[in-house]
There are 2 protein chains.
Amino acid sequence: MNKESKIPAPTIERLAHYSRPLESLLDNETPVISSEKLARLCGVNPAQVRKDLAYFGEFGVRGVGYDVRDLLVEIKKILATDRDWTLCIVGMGNLGSAIAENENFKKRGYKFVAAFDSDPTKIGRTLPCGLIIEPTSRIRELVKSLKIEIGVITTRPHEAQRFADLLMDSGVKAILNFAPIQIRTLDCCKIENVDFAVKLEHLAYHIAKIL
Amino acid sequence: MNKESKIPAPTIERLAHYSRPLESLLDNETPVISSEKLARLCGVNPAQVRKDLAYFGEFGVRGVGYDVRDLLVEIKKILATDRDWTLCIVGMGNLGSAIAENENFKKRGYKFVAAFDSDPTKIGRTLPCGLIIEPTSRIRELVKSLKIEIGVITTRPHEAQRFADLLMDSGVKAILNFAPIQIRTLDCCKIENVDFAVKLEHLAYHIAKIL
DNA sequence: CCAGCTATGTGCACTATTTCACAATATCGT
DNA sequence: ACGATATTGTGAAATAGTGCACATAGCTGG
Ligand SMILES: NC(=O)c1ccc[n+]([C@@H]2O[C@H](COP(=O)([O-])OP(=O)(O)OC[C@H]3O[C@@H](n4cnc5c(N)ncnc54)[C@H](O)[C@@H]3O)[C@@H](O)[C@H]2O)c1
Ligand SMILES: NC(=O)c1ccc[n+]([C@@H]2O[C@H](COP(=O)([O-])OP(=O)(O)OC[C@H]3O[C@@H](n4cnc5c(N)ncnc54)[C@H](O)[C@@H]3O)[C@@H](O)[C@H]2O)c1
């Protein structure tokens with residue numbers, strides 16, 4: 001049971017991917033799907049799908065496949081997305097605003113309950129989603145009182161480490177960082193980075209190789 | 001020569017990461033850096049740094065380290081970011097606009113030369129960066145006449161595949177996709193996906209495990 | 001109740017990636 | 001000029017992840 005500690009990170013990421021087509025299938029009234037079909041929808045190997053799921057239990061029926069609704073429930077349980085999460089976002093530039101407005105996150109249970117910026121001209125402004133931009137000086141106070149669990153960093157790079165430290169120190173359990181720098185992190189806090197430019201550079205490398 | 005074909009994808013992504021601190025070091029007037037220091041700045045193993053670089057040549061000096069400026073030039077040469085790239089973006093919602101406005105991309109040589117949307121109320125609008133939003137019906141024409149090499153997709157998910165097909169058919173060599181769906185792709189076109197929600201789910205999984 | 005069919009769950013071999021450990025080599029001080 | 005020192009470049013070992021192949025087990029129809 002506690003082999004959960006050595007589950008490959010790619011498995012976790014794929015589980016999240018599997019849930020996307022499953023949601024469409026549910027709308028589609030497709031009751032059952034095979035590992036082969038799901039694999040094709042996600043661009044992976046069918047054995048991979050079965051193995052990924054097998055880390056967590058036996059969710060399929062031999063000779064039949066997986067019940068779409070049940071499987072989705074199980075995956076959400078595994079990923080802990082069967083509950084709501086409380087988040088805040090620091091840095092309300094273009095990217096920060098786009099993320100705060102995005103409906104998809106809300107739909108998946110990621111609730112932004114606070115938005116921070118250090119630019120005085122932005123503070124107090126109300127976003128279309130209803131959030132009011134707070135000064136960064138209130139981060140500690142609000143993270144604690146609103147029990148914020150995840151922090152999103154969309155500040156400019158030179159401020160990112162400072163706010164990460166502040167968030168961690170205030171009790172945030174995880175950080176999603178969009179600033180293109182390497183954040184030093186404490187053990188008590190899990191961090192994920194998203195760097196679009198890295199992806200573009202990867203693409204550039206491949207195109208250039210072909211030419 | 002053709003051992004380039006078996007260079008690990010993680011190596012390419014790390015090379016992009018290495019270039020970030022190197023740029024700061026340049027400003028900092030630090031002339032030389034060891035694999036150990038660079039590794040620490042990037043949160044990886046020093047042997048990894050050396051091996052990654054060794055795929056492409058010998059850039060260091062034994063007993064000394066790597067010349068910061070030279071190394072940066074070499075990495076840019078490898079990643080083909082020592083030149084400009086021509087890009088377009090399809091879907092000028094919040095995220096699309098944030099990306100088009102971002103100065104970092106321009107600074108790194110990624111030039112957005114066209115922006116498309118299918119919403120008639122948006123077409124014709126001028127973005128702060130100077131781009132005029134074109135109707136998606138002009139994608140094929142403009143990709144060809146402006147020699148656009150990379151397409152960025154920030155449309156809503158259900159339109160993403162259609163525009164990906166159109167971009168590929170128009171001659172784009174690579175696509176960066178932000179819509180949370182699996183895009184079917186042709187061999188002639190390299191695709192990278194960025195899915196923030198997957199990262200959040202990864203974080204949620206880890207936090208929930210600890211509790 | 002059994003035979004035939006189908007698709008899962010999984011041991012194992014294979015492939016990919018990371019890390020170790022050390023020989024090779026450049027520099028510096030004397 | 002040479003030994004001490006530092007740090008690279010790299011084969012080989014260790015670790016991680018993927019995919020095959022098949023025994024296993026549920027379902028259906030007779
Ligand atoms: N914003 C984010 O943080 C974020 C994060 C991850 C993925 N994405 C994905 O990126 C894509 C774009 O996201 P976004 O936040 O820019 O979305 P958005 O709502 O700002 O706009 C997206 C697109 O939909 C069109 N659109 C939106 N509302 C419309 C309307 N009422 N009528 C006609 N067209 C309309 C716009 O023209 C635009 O092209 C989506 O696929 C989304 O899932 C966004
Ligand atoms: N927009 C993107 O596509 C994108 C992509 C990848 C990474 N990022 C990163 O995300 C972060 C935010 O990007 P963004 O596009 O939202 O940046 P942005 O320029 O829209 O704003 C970023 C932040 O800087 C502050 N700011 C900007 N201009 C200011 C000014 N003149 N005076 C005072 N404060 C000012 C804002 O208050 C905001 O908090 C950056 O670290 C960027 O590198 C952005």
Side-chain angles (χ1 to χ4, degrees), chain A residues 1 3-18 21-22 25 30-72 74-75 78 198 202 205-206, chain B residues 2-18 21-22 25 30-72 74-75 78 198 202 205-206:
Chain A
M1 186 110 286
K3 58 179 162 188
E4 292 207 14
S5 50
K6 46 179 170 181
I7 288 165
T11 289
I12 303 300
E13 305 233 327
R14 279 191 301 269
L15 286 177
H17 281 299
Y18 300 156
L22 287 177
L25 289 167
T30 311
V32 167
I33 190 165
S34 65
S35 62
E36 189 180 330
K37 291 218 184 76
L38 181 55
R40 195 160 34 233
L41 288 171
C42 298
V44 303
N45 181 293
Q48 185 82 80
V49 172
R50 299 200 294 276
K51 182 147 289 196
D52 285 340
L53 295 172
Y55 281 112
F56 300 95
E58 304 200 358
F59 306 125
V61 179
R62 293 177 190 216
V64 179
Y66 300 88
D67 180 278
V68 172
R69 181 182 309 271
D70 291 353
L71 184 56
L72 197 48
E74 290 296 342
I75 289 178
I78 294 164
V198 168
H202 201 147
Y205 168 79
H206 275 283
Chain B
N2 267 22
K3 61 176 158 184
E4 292 209 14
S5 50
K6 45 180 170 175
I7 287 167
T11 289
I12 303 300
E13 305 233 328
R14 278 191 301 269
L15 286 177
H17 280 298
Y18 299 158
L22 287 176
L25 289 168
T30 312
V32 167
I33 190 166
S34 66
S35 61
E36 188 180 329
K37 291 219 185 75
L38 181 54
R40 193 158 38 231
L41 288 172
C42 298
V44 303
N45 181 296
Q48 186 84 80
V49 171
R50 300 199 294 276
K51 181 142 287 189
D52 285 340
L53 295 171
Y55 282 113
F56 300 95
E58 306 200 356
F59 306 124
V61 179
R62 293 176 190 216
V64 178
Y66 300 88
D67 180 278
V68 171
R69 181 184 309 272
D70 291 353
L71 184 56
L72 196 49
E74 291 297 341
I75 290 178
I78 294 164
V198 168
H202 202 145
Y205 168 80
H206 275 284

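So that the names make sense, note that chain A is the first sequence line, chain B the second, and so on, each numbered from 1.
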**Message:** Using the rule given for side-chain contact (heavy atoms from CB on, under 4.5 Å), can you reason through B:Ser34 versus B:Tyr66, listing the C-alpha separation, both sets of side-chain angles and the distance that settles it, and then say yes or no?
**Reply:** CA-CA 6 Å; B:Ser34 66; B:Tyr66 300 88; over 6 Å; no

**Complete:** The reported gap from CD in B:Glu36 to CG in B:Asn45 (rounded to nearest 0.5 angstrom) is 10.0 Å

Restricting both atoms to N or O, compile the protein contacts to nucleotides 19-22 of chain C shorter than 3.5 Å, with distance only.
residue: C:dT19; atom: O4; partner: B:Lys51; partner atom: NZ; Å: 3.1
residue: C:dC20; atom: OP2; partner: B:Asn45; partner atom: ND2; Å: 3.2
residue: C:dA21; atom: N6; partner: B:Arg50; partner atom: NH2; Å: 3.3

**Request:** Let me know, please, whether A:Gly57 or A:Gly63 comes out on the 5' side of the other along DNA chain C by nearest nucleotide.
**Result:** A:Gly63

**Message:** If you only use heavy atoms from C-beta on, which nucleotide in C:dT27, C:dT18, C:dA23 is closest to the side chain of B:Arg62?
**Reply:** C:dA23

**Message:** Could you tell me how far apart A:Asp52 (CG) and C:dT8 (C1') are, to the nearest whole angstrom?
**Reply:** 14 Å

**Prompt:** Hey, which of these two, A:Pro46 or A:Pro10, hits DNA chain D nearer its 5' end, going by closest nucleotide?
**Reply:** A:Pro10

**Message:** Expressed as a whole number of angstroms, how long is the span from B:Ile12:CD1 to C:dT18:C1'?
**Reply:** 16 Å

**Complete:** Of B:Leu25, B:Val32, B:Leu53, the one forming a side-chain contact (heavy atoms from CB on, under 4.5 Å) with B:Leu71 is B:Leu53

**Message:** Just N and O in the side chain of A:Ser35: are any of them under 4.0 Å from OP1 or OP2 of C:dA7?
**Reply:** no

**Request:** Hey, could you give me the SG/CG distance between B:Cys42 and B:Leu15, rounded to the nearest 0.5 Å?
**Result:** 10.0 Å

**Item:** Result of checking B:Leu72, B:Ile33, B:Leu41, B:Val49 against B:Tyr18 for side-chain contact (heavy atoms from CB on, under 4.5 Å)
**Value:** B:Val49

**Prompt:** At how many degrees, to 10°, do the end axes of the helix from C:dC1-D:dG30 to C:dT30-D:dA1 meet when each uses five pairs?
**Reply:** 10°

**Message:** Working note: A:Tyr55 + A:Ile78, criterion side-chain contact (heavy atoms from CB on, under 4.5 Å); need CA distance, chi angles, decisive distance, verdict.
**Reply:** CA-CA 10 Å; A:Tyr55 281 112; A:Ile78 294 164; over 6 Å; no

**Request:** Start with the C-alpha gap between B:Tyr205 and A:Glu13, add the side-chain angles, then the distance that decides, and say whether side-chain contact (heavy atoms from CB on, under 4.5 Å) holds.
**Result:** CA-CA 10 Å; B:Tyr205 168 80; A:Glu13 305 233 327; over 6 Å; no

**Prompt:** Once you round to the nearest 0.5 Å, how far does CD1 of A:Ile75 lie from CZ of A:Phe59?
**Reply:** 8.5 Å

**Item:** B:Gln48 atom CD: more than 12 heavy-atom contacts under 6.0 Å
**Value:** yes

**Message:** Can you give me the first and the last nucleotide of DNA chain D (5' to 3') that has an atom within less than 4.0 angstrom of a non-hydrogen atom in chain B?
**Reply:** D:dA6 to D:dA12

**Asked** For A:Glu74, does the CD atom sit with more than 12 other heavy atoms under 6.0 Å from it, leaving out its own atoms?
**Response** yes

**Distance below 4.0 Å between B:Arg14 side-chain N/O and C:dT17 OP1 or OP2** = no

**Asked** For the pair made of NZ in B:Lys6 and P in C:dT15, what is the distance, rounded to whole Å?
**Response** 13 Å

**Message:** Quick check for you: to the nearest 0.5 Å, what is the distance between A:Arg69 atom CZ and A:Thr30 atom OG1?
**Reply:** 11.5 Å

